Amino acid sequence: QVQLVESGGGLVQAGGSLRLSCAASGRTFSSYAMGWFRQAPGKERGRVATISWSGGSTAYADSVKGRFTISRDNAKNSVYLQMNSLKPEDTAVYYCAAGPWGMVVAGTPDYWGQGTQVTVSS
């Protein structure tokens, strides 16, 4: 079992930055790929970024490429999402997820966090 707890969300002006953190419990954290997803009001949840168990491979949604960076620290059982040049359309609840790479990329990870709200004002 893996439990995921996100933090770092909040209100920021357009053009600003936020760093989301996801703390994981469980000794198998380092064996999972990790991902960040987001869901805006009235929209389906979509994948934002994915990172492999080693951190050697990453993948991003086209809408965030060049602005967001996913990273992980297996020694701290944590994954991060650095968000720069934020836009109002980035406003959403952001979720941390864990699972095999293919399942995370497909949007069907084994584990989900509870989510953290990010609001970007114009």
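Everything numeric here is computed off the predicted structure, so don't read it as measured data.
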Would you please classify the geometry between the Phe68 ring and the Tyr94 ring as parallel, tilted or perpendicular, with 30° and 60° separating the classes?
tilted
Give the minimum heavy-atom separation between [X] and [Y], together with the two atoms involved.
| X | Y | answer |
| --- | --- | --- |
| Met34 | Arg72 | CG-NH1, 3.5 Å |
| Val104 | Ala98 | CG2-C, 4.1 Å |
| Val48 | Phe37 | CG2-C, 3.9 Å |
| Leu86 | Leu18 | CD1-N, 3.8 Å |
| Ser85 | Ser17 | N-OG, 4.4 Å |
| Leu4 | Cys22 | CB-SG, 3.9 Å |

Evaluate Val12 against Ser121 for side chain to side chain contact (heavy atoms under 4.5 Å, CB included), listing each step before the verdict.
CA-CA 6 Å; Val12 64; Ser121 63; over 6 Å; no
Between [X] and [Y], is any pair of side-chain heavy atoms under 4.5 Å apart?
| X | Y | result |
| --- | --- | --- |
| Trp36 | Cys96 | yes |
| Thr69 | Tyr60 | yes |
| Ser71 | Gln82 | no |
| Pro109 | Tyr32 | no |
| Thr91 | Val118 | no |
| Asn77 | Ser25 | no |
| Thr50 | Thr58 | no |

Row check, Tyr80 ring normal vs Arg19 NZ/CZ: under 6.0 Å, within 45°:
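Yes; both conditions hold, so Arg19 lies above the ring face of Tyr80.
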Arg38 to Tyr95 six-membered ring, cation-pi geometry met (6.0 Å, 45°):
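Geometry flag: not set, cation outside 6.0 Å or 45°.
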Applying the 4.5 Å side-chain criterion to the ILVMFWY set and letting contacts propagate, would Ile51 and Tyr111 be lumped into a single cluster?
yes
Would you check, one step at a time, whether the test side chain to side chain contact (heavy atoms under 4.5 Å, CB included) holds for Val120 with Gln13?
CA-CA 5 Å; Val120 184; Gln13 288 188 332; over 6 Å; no
Apply the test side chain to side chain contact (heavy atoms under 4.5 Å, CB included) to residues Asp110 and Val2: give CA-CA distance (whole Å), side-chain angles for both, the deciding distance (0.1 Å), then the verdict.
CA-CA 9 Å; Asp110 292 338; Val2 174; over 6 Å; no
Tell me whether Gln3 at atom CD has more than 12 heavy atoms from other residues, nucleotides or ligands lying less than 6.0 Å away.
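Incorrect, the count does not exceed 12.
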Is the shortest side-chain N to carboxylate O distance from Asp90 to Lys87 below 4.0 Å?
no
Do side-chain atoms of Glu6 reach the backbone of Gln114 as a donor and acceptor pair under 3.5 angstrom?
yes
If only atom types and distance count, is the side chain of Ser52 paired as donor or acceptor with the main-chain N or O of Ser57 below 3.5 Å?
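Here the side-chain-to-backbone pair exists.
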Can you find a side-chain donor-acceptor pair between Asp73 and Ser78 that sits under 3.5 Å?
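Short answer, no.
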Thr116/Val93 under side chain to side chain contact (heavy atoms under 4.5 Å, CB included): CA gap, chis, key distance, verdict:
CA-CA 5 Å; Thr116 186; Val93 177; 6.0 Å; no
Trp53 and Phe29: aromatic ring centres closer than 6.0 Å?
no
